[in-house]
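Here is the structure we will look at, set down as structure tokens.
For the numbers below, each heavy atom of this structure counts, side chains included, while hydrogens, waters and symmetry mates do not. Just so it is clear, the structure is predicted and the values come from calculations on it, not from any experiment.
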Amino acid sequence: DEAGGGTAYDYVATHDGTATGSVTYQDAALGGGALAGGGDADGSVAFNGSGVFVVPFYPELNQSTYSVELWTYDSGTATDWAAPVATRNTTVTSGFIFYAGLANNFLGYTWQHWTATGDPGNPWDYGVGPTINNYSWTHLVGTYDGTNEVLYVNGIPVEPHATTFATNSTYPLTIGAGNSTLYAAFRGGVDEVAYYGRALSPNQVMGHYLLAGFGDSQAPLITQDLIPQVAYVGTTFSLQAAVVGSIPLTYQWYKNGSPVPGRSGTTYCATNLFAWTFPNVQPTDAGSYMLGVGNSAGTNTTATVSLTVV
């Protein structure tokens, strides 16, 4: 959360970052942040290669599975590696780093997500995204689920591949450079940095990207619809639908056109996988099913599908 001054405040917990060197706060008068068009009153921070925010080391920001999300733009003035966010540890090669970079014969100046492998013979692995459009806000997410690394650029997965990951155990998280001493100092804007101790799913990443421009005005969008199913008596079975939308979202399951008691509620997560699990399928479970969702911006329903029990 960017409130000016020399601190980057952690909106969720207390992992605040402190500025070192030159960091410029961009409030609404200076163009604001990446999500200004969606009603976000926050600004962003701009770096000119001589400043960085340093967040002290916390184990909860350095887990064996993770997702790191940010909005960023590059000013096009760097001549080598430039890192908007990192936990890169060079003493014991570990952690992750996002780059805007030219090196290693990549095609053009591209967004990249690097992870330390723990293998001395091949210490870093990476995913390489598309060519950077200077001064264009871009949504980046890097994930590792214990097996695969994925870089997402504007909601689209790029080069998912299997690798190992060596977790950083001592270095701080830095915003605006590759470390606290301005290695790979960044020149551009950074906004809405978030860390999750799990790998976000492709639906969740796309949901975050799609919602960014809408603030609280995004009506529910079905990103994974219900499909007709056949289930066997005595088995366990689930109906599933994925929905994104401004929060809070309300939901209600329907069977044969009628709302089902106890199958409704409210969620404060913008991306959701709604599942109705039948732990012991019976002939009486056969019928037609639908999920209805709503928020202050509108309502939506999934397809009405049949469940056949045999």
Interatomic distance, OH@Tyr73 vs CG@Asp191, rounded to 0.5 Å, equals 10.0 Å
Flag, side chain of Thr302 to backbone of Leu226, donor-acceptor distance under 3.5 Å:
no
Asn48: partners by side-chain contact (heavy atoms from CB on, under 4.5 Å), with sequence neighbours left out:
Ser22, Ser50
Are the side chain of Gln240 and the backbone of Leu273 linked by a donor-acceptor contact shorter than 3.5 Å?
no
If two hydrophobic side chains count as joined below 4.5 Å and joins carry through other members, does Phe47 share a cluster with Tyr109?
yes
Hydrophobic cluster identity match, Ile222 and Tyr289, side-chain contacts under 4.5 Å
yes
Centroid separation Tyr66 to Phe96 less than 6.0 Å:
yes
So Tyr126 and His113, do their side chains get closer than 4.5 Å, heavy atoms only?
no
Using only atom types and a distance under 3.5 Å, with no angle test, would you say the side chain of Tyr99 pairs donor to acceptor with the backbone of Gly101?
no
Within-4.5 Å side-chain heavy-atom neighbours: Leu291 and Tyr254
no
Is the shortest heavy-atom distance from the side chain of Thr24 to the side chain of Val45 under 4.5 Å?
no
Please lay out, stage by stage, how Thr277 and Ser238 fare under the test side chain to side chain donor-acceptor pair (under 3.5 Å).
CA-CA 4 Å; Thr277 299; Ser238 291; 2.8 Å; yes
Flag yes if Val52 and Tyr58 sit in one hydrophobic cluster, no otherwise; membership is Ile, Leu, Val, Met, Phe, Trp, Tyr, and two members link when side-chain heavy atoms are under 4.5 Å apart.
no
Side-chain heavy atoms of Phe274 within contact of Val293, under 4.5 Å:
yes
Quick check: does any side chain N or O of Asn300 sit under 3.5 Å from a backbone N or O of Pro220, one acting as donor and the other as acceptor?
yes
Where does the angle between the aromatic ring planes of Trp81 and Trp114 fall among parallel (under 30°), tilted (30 to 60°) and perpendicular (over 60°)?
perpendicular
Given 3.5 Å as the limit, does a donor-acceptor pair link the side chain of Thr143 with the main chain of Ala199, or not?
no
Nearest 0.5 Å please: distance from the OG atom of Ser64 over to the CZ atom of Arg198.
14.0 Å
Taking the side chain as everything from C-beta on, heavy atoms only, tell me whether Tyr144 gets closer than 4.5 Å to Ser67.
no
Shared hydrophobic cluster, Trp71 / Tyr135 (ILVMFWY, side-chain heavy atoms < 4.5 Å)
yes
Any luck finding a side-chain donor-acceptor pair between Thr110 and Gln112 under 3.5 Å?
yes
Side chains of Tyr209 and Val141, heavy atoms from C-beta outward: is any pair under 4.5 Å?
no
Looking only at the side chains, is there a donor atom on one of Asn256 and Ser288 sitting less than 3.5 Å from an acceptor on the other?
yes
Do Leu70 and Tyr171 belong together in a cluster built from hydrophobic side chains that touch within less than 4.5 Å?
no
With a 4.5 Å limit on heavy-atom distance, are the side chains of Phe237 and Val309 in contact?
no
Identify each donor-acceptor pair in which a side-chain atom of residues 158-166 lies under 3.5 Å from a protein atom, sequence neighbours left out, and give them as a table.
unit_1	atom_1	unit_2	atom_2	d
Glu159	OE1	Val128	N	3.2
His161	ND1	Glu159	O	2.7
His161	NE2	Asp125	OD1	3.2
His161	NE2	Asp125	OD2	3.3
His161	NE2	Glu149	OE1	3.0
Thr163	OG1	Asp125	OD2	2.8
Thr164	OG1	Thr117	O	2.7

Go through it in stages, so that I can follow the logic: the residues are Phe53 and Thr18, the test is side chain to side chain contact (heavy atoms under 4.5 Å, CB included), and I'd like the CA-CA distance, side-chain angles, deciding distance and then a yes or no.
CA-CA 5 Å; Phe53 276 106; Thr18 302; 5.7 Å; no
Given 3.5 Å as the limit, does a donor-acceptor pair link the side chain of Asp145 with the main chain of Asn148, or not?
yes
Donor-acceptor pairs are to be reported for all side-chain atoms of residues 280-287 against protein atoms at under 3.5 Å, with residues two or more places apart or in another chain.
unit_1	atom_1	unit_2	atom_2	d
Asn280	OD1	Gln282	NE2	3.3
Asp285	OD2	Gln282	N	2.9

When rounded to the nearest 0.5 angstrom, what is the spacing between CG in Leu239 and CD1 in Ile227?
9.5 Å
Please lay out, stage by stage, how Met206 and Ile156 fare under the test side chain to side chain contact (heavy atoms under 4.5 Å, CB included).
CA-CA 7 Å; Met206 178 58 76; Ile156 305 299; 3.8 Å; yes
Can you tell me how far the CG atom of Asn168 sits from the OG atom of Ser94, to the nearest 0.5 Å?
4.5 Å
May I ask you to check whether His139 and Glu192 show a side-chain donor-acceptor distance below 3.5 Å?
no
List the atom pairs, donor and acceptor, that lie under 3.5 Å between side-chain atoms in residues 174-182 and the rest of the protein, sequence neighbours left out.
unit_1	atom_1	unit_2	atom_2	d
Thr174	OG1	Ala86	O	3.4
Thr174	OG1	Ala177	O	2.8
Asn179	OD1	Thr181	N	3.0
Asn179	OD1	Thr181	OG1	3.0
Asn179	OD1	Leu182	N	3.2
Asn179	OD1	Tyr183	N	2.9

So which residues get pulled into Tyr232's cluster when ILVMFWY side chains under 4.5 Å apart are joined, directly or through others?
Val230, Val310
Between Asn89 (side chain only) and Gly95 (backbone N and O only), is there a donor and an acceptor less than 3.5 Å apart?
no
Report yes if the side chains of Leu61 and Thr87 come closer than 4.5 Å at any heavy-atom pair, otherwise no.
no
How would you list, by chain and number, every residue that makes a side-chain contact (heavy atoms from CB on, under 4.5 Å) with Thr299, sequence neighbours excluded?
none
From Leu173 CG over to His15 NE2, what is the distance, rounded to the nearest 0.5 angstrom?
10.5 Å
Using ring centroids (six-membered ring only for Trp), state whether Phe278 and Trp276 fall under 6.0 Å.
yes
